[in-house]
Amino acid sequence: MKSQQKCIVIFALVCCFAVLVALIFSAVDIWGEDEDGITEENCSKNCRAMLVENIPEDVSFLDNGTFHVPLSVGLSNLLDRATRVVEIVSPLWLLNSSEYESSFQPAARQGRVLLSRLQDLKAKEIHLRISSGESDCSELNTLAKHNAEVHYVNMTALTKGHLLSSFWVVDRRHFYIGSASMDWRSLATRKELGVIVYNCSCLALDLHRVFNLYWGLQYKEFIPSFWSKRLFALYNRDKPLDLSLDNTKVQAYISSSPDVFIPKDRTNDLEAISRVIQEARHFIYISIIDYLPLLSRNAQRYWSRVDSLIREALILRKVRVRLLISCWEKTEPLTFNFVWSLRTLCMEQANCSLEAKFFNPRVQRDGSVQGINHNRFMVTERAIYLGNLDWVGNEFTFNAGAGLVISHPEGPEERNSTVVEQLRATFERDWFSRYTRSLQANKIPLCNKQQITRPVSMKASHTDDGPAPIRKDQRDSGPAPMRNSHKDSGQLGLKPRQHEDRPNKISYQDMANGPVPVLDQERGQVKMSFLDNKQVQLKVNHHDSLMETLSQSAESSGSRELSNRSL
Ligand SMILES: *[C@@H]1O[C@H](CO)[C@@H](O)[C@H](O)[C@H]1NC(C)=O
Ligand SMILES: *[C@@H]1O[C@H](CO)[C@@H](O)[C@H](O)[C@H]1NC(C)=O
Ligand SMILES: *[C@@H]1O[C@H](CO)[C@@H](O)[C@H](O)[C@H]1NC(C)=O
Ligand SMILES: *[C@@H]1O[C@H](CO)[C@@H](O)[C@H](O)[C@H]1NC(C)=O
Ligand SMILES: *[C@@H]1O[C@H](CO)[C@@H](O)[C@H](O)[C@H]1NC(C)=O
Ligand SMILES: *[C@@H]1O[C@H](CO)[C@@H](O)[C@H](O)[C@H]1NC(C)=O
Ligand SMILES: *[C@@H]1O[C@H](CO)[C@@H](O)[C@H](O)[C@H]1NC(C)=O
C-alpha cells in the first residue's frame, strides 16, 4: 500500500517536472534582449520610403518616369547607415558568383561586392545577424567565420516548408523588404522590387520581432506552444501604425506567414492580402511570379482564399483587376485555366474587368527559357502589399514569409504622392511594356520547353528526363511546390546550384560597358542626397535635371549601373 502511494507521488512529481521542462523549452524567449532603448512609446514615425529595383541589363523600359534606385545601391546605402547591428533573413545565400558566371555576366559582380561589404562590417564593429533555413551553406559558413552570427531554422522539422522571408533590419531603425534574396541573380539577371524604409524605428522594431522569432527558433524541432511577449506584434490590420511617410499620413503594419509562426496580434499574410483587396474600390493590380489556387501536400485541394476575394471584388464591387504573372520555367499550365476562369466571370457584366498578362521569359542560347520578373506585390488606389511569398496555397501554408502593408487612410482623394502611387506607376510601366503578352482564349502560353514536348498534368514529375536547364534551380525563384508533387510538396530537397543561371545573351558582353563599377560610399550618398532633398512626387514629371540624367543614362546604356559622370 505504502509503496503504491510512493509510486503515485513520484509519478506526479515526474509529471510536474516534465510539464515544467516542456514549458521552458517550448517558450521562445530572448533573454536579456536589448532593444537599444527604442520602445513603442518613443520610436520614430517620421519615415521615408524608397522603392528599389533591379532591372536586368537586357530589359529596358521606355517610360522614364518610373526609374527607381537600383537595389544594389539601396542595400549598399543601408549598410552605410548601419552603426550597431544588421539583421538579415534570406531564402538563399549565393552572392558569390563563380568566375565563370561573372565572366559572362558582368553585373554578377555586384553580388560579390555586397558580400565583401557584409564582411567589412566587422571592421566597423557592426554585428551581423543572419537567420537562415539552410543548414549547410558555404557562403554562410564563410560569413560565420568572418563576423556573422548565423542561426539555423529547421523548417523541415517545424512546418515541412521553407524559410522564404527576405528582409533586412538595420539598427532597428531602417529596413528593407522585397522580392530579392541574397543571390547574385537578384542583383543581376532578375527583375526584383523592394522597398527601403528609413528612420522608421516603429515599423523596424516590429519587423525585428519577426526576425527575432526566427532567431529564437534555432535548431528547434518543434514549434513552441507559446511565444514570448517580446515577439508579439506591435501593429496589425486592426491596429495599424499611423505614421508620416514622406510627409504624408499613412497607416502601415507587418504581416507574416505561416499561421504556426504567428504570435499574438500579428496579422498573417493572407489576412493582410484580404484586407487590401477588400478595401479596394477602383482597381487592384497584382504582379506575382505564380498564381495558383491549389494546395497540395498528399492530395490536391482547391485553395480558394485569394481566388474568391478576387471574384468578389470583380462581381460585387466592380473593382478593375489586372494580373501580371511571370511566365517562367516552372509556370504551372493550370495557372492559365484558373486565370481564364476569372476572366470569363466578367462575361456580359457591366463594369467588370479582369485583365491578365504574362511577363515573358528570357530565351537563352541553348533555347531554354528563364523567368525574368520576380516581383511580388499588389497595389490598389489606396494601398500596397509587398510580400515574400507567391500566391499559391502551399506557400502561405508551409513557408515562412513576411509582408508590408502601407495604406492611405480613407478620405480625400487629394493627397501627396507616396510609394503607393510610385508602385502603381511601376506596375503600369511593366504592364504596357513590350515584355508582356495578354492571355488569349483557349490558348495556354508556352512558358517552358516541357510544355511543348509534353503537355503537363499536375502530377508531372520533374525528376525524369527532359531539357536540363529548365527545372534545376528549384530555389531560384522561390519554390514552386506544385511542380514537385512526386514528393512532399512543401519540401524541396534540391540544393541551389551555382551554375544554373547561364548568361542570357551573348550580346551582353557588347552591352556592358567594361567592368562593373564598385558601389562605394560616395555613390550611395550621392543617390541618397537626391532622395533626401527632393520629394519624389509622381504627378510632377521629373523635370529635375539630375533625375533626367540618371534615368537617361540608365536607359540608354541599358544598364542600371550609373557612371560616375552622370552623378
Ligand atoms: C525610450 O524610452 C526608454 C524607456 O521608456 C528609454 O530607456 C530610452 O532611452 C528612450 N529612448 C529614446 C531614444 O528616447
Ligand atoms: C567566393 O568564391 C571564390 C572562388 O570563386 C572563393 O575564392 C572565395 O573565397 C569565395 N568567397 C566567399 C566569401 O565565400
Ligand atoms: C531538421 O529536422 C529534420 C526532421 O526532424 C531532421 O531530419 C534533420 O536532420 C534536421 N536538420 C538539421 C540540420 O538539424
Ligand atoms: C533620418 O534622420 C536623421 C536624423 O534624424 C537625418 O539626418 C536623416 O537625413 C534622415 N534620413 C532620411 C532618409 O530621412
Ligand atoms: C502633403 O505634404 C505637405 C508637406 O510637403 C504636408 O504639409 C501635408 O500635410 C501633406 N498632405 C497630406 C494629405 O498628408
Ligand atoms: C458602370 O460605370 C459607369 C461609370 O462609372 C456608370 O455610369 C454605370 O452606371 C455603371 N454600370 C453598372 C451596371 O454598374
Ligand atoms: C524618355 O527618354 C527618351 C530618351 O532617353 C526620350 O526620347 C523620351 O521622350 C522620354 N520619354 C518620356 C515620356 O519622357
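Whatever order the structure lists them in is the order used to number ligands and atoms, beginning at 1.
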Using a heavy-atom cut-off of under 4.0 Å, does the side chain or the backbone of Leu115 touch ligand 2, or both, or neither?
-> side chain
Is atom 14 (O) of ligand 2 close to the protein, meaning a heavy atom under 4.0 Å from it?
-> yes
Thr142 neighbourhood, listing ligand 2 atoms whose heavy-atom distance to it stays under 4.0 Å | 12 (C), 13 (C), 14 (O)
Top protein contact for atom 1 (C) of ligand 2, by heavy-atom distance | Asn96 ND2, 1.4 Å
Nearest non-hydrogen protein atom to atom 5 (O) of ligand 2, with distance, is Arg112 NH2, 4.2 Å
Could you state the interatomic distance from NZ (Lys124) to CG (Asp80), rounded to the nearest 0.5 Å?
-> 6.0 Å
Would His208 and Glu87 count as having a side-chain donor-acceptor pair, cut-off 3.5 Å?
-> yes
Heavy-atom pair with the smallest gap, counting every atom of Val420 and Glu381 = CG1-O, 4.2 Å
Within a distance of under 4.0 Å, is there any protein heavy atom near atom 7 (O) of ligand 3?
-> no
Among all protein heavy atoms, pick out the one at the shortest distance from atom 4 (C) of ligand 3; state its residue, atom name and that distance to 0.1 Å.
-> Ala157 CB, 4.0 Å
In a check of side chain to side chain contact (heavy atoms under 4.5 Å, CB included) between Val321 and each of Ile310, Thr380, Leu342, which one passes?
-> Ile310
Run the ring-centre check on Tyr152 versus Tyr219 and record whether the distance is less than 6.0 Å.
-> yes
Quick look: Gln119 vs ligand 2, heavy-atom contacts under 4.0 Å, and the answer is side chain
Are Asp269 and Arg305 ion-paired here, with the side-chain N under 4.0 Å from a carboxylate O?
-> no
Apply the side-chain hydrogen bond (donor to acceptor under 3.5 Å, both in side chains) test between Asn154 and each candidate in Gln218, Lys220, Glu221; give the one that qualifies.
-> Glu221
Take the angle between the ring planes of Trp168 and Tyr176 and call it parallel below 30°, perpendicular above 60°, tilted in between.
-> perpendicular
Counting heavy atoms only, which of Leu158, Asn154, Thr156 comes nearest to atom 11 (N) of ligand 3?
-> Asn154
Does Tyr219 reach ligand 3 with a nitrogen or oxygen that is under 3.5 Å from one of the ligand's nitrogen or oxygen atoms?
-> no
Any idea which protein heavy atom is nearest atom 2 (O) of ligand 6, and the distance to it?
-> Asn351 ND2, 2.2 Å
More than 12 heavy atoms of other groups within 6.0 Å of His151 NE2 | yes
Provide the number and element of each atom of ligand 6 under 4.0 Å from a heavy atom of Ala350.
-> 13 (C)
What atoms in ligand 3 come closer than 4.0 Å to a heavy atom of Ser135?
-> 13 (C)
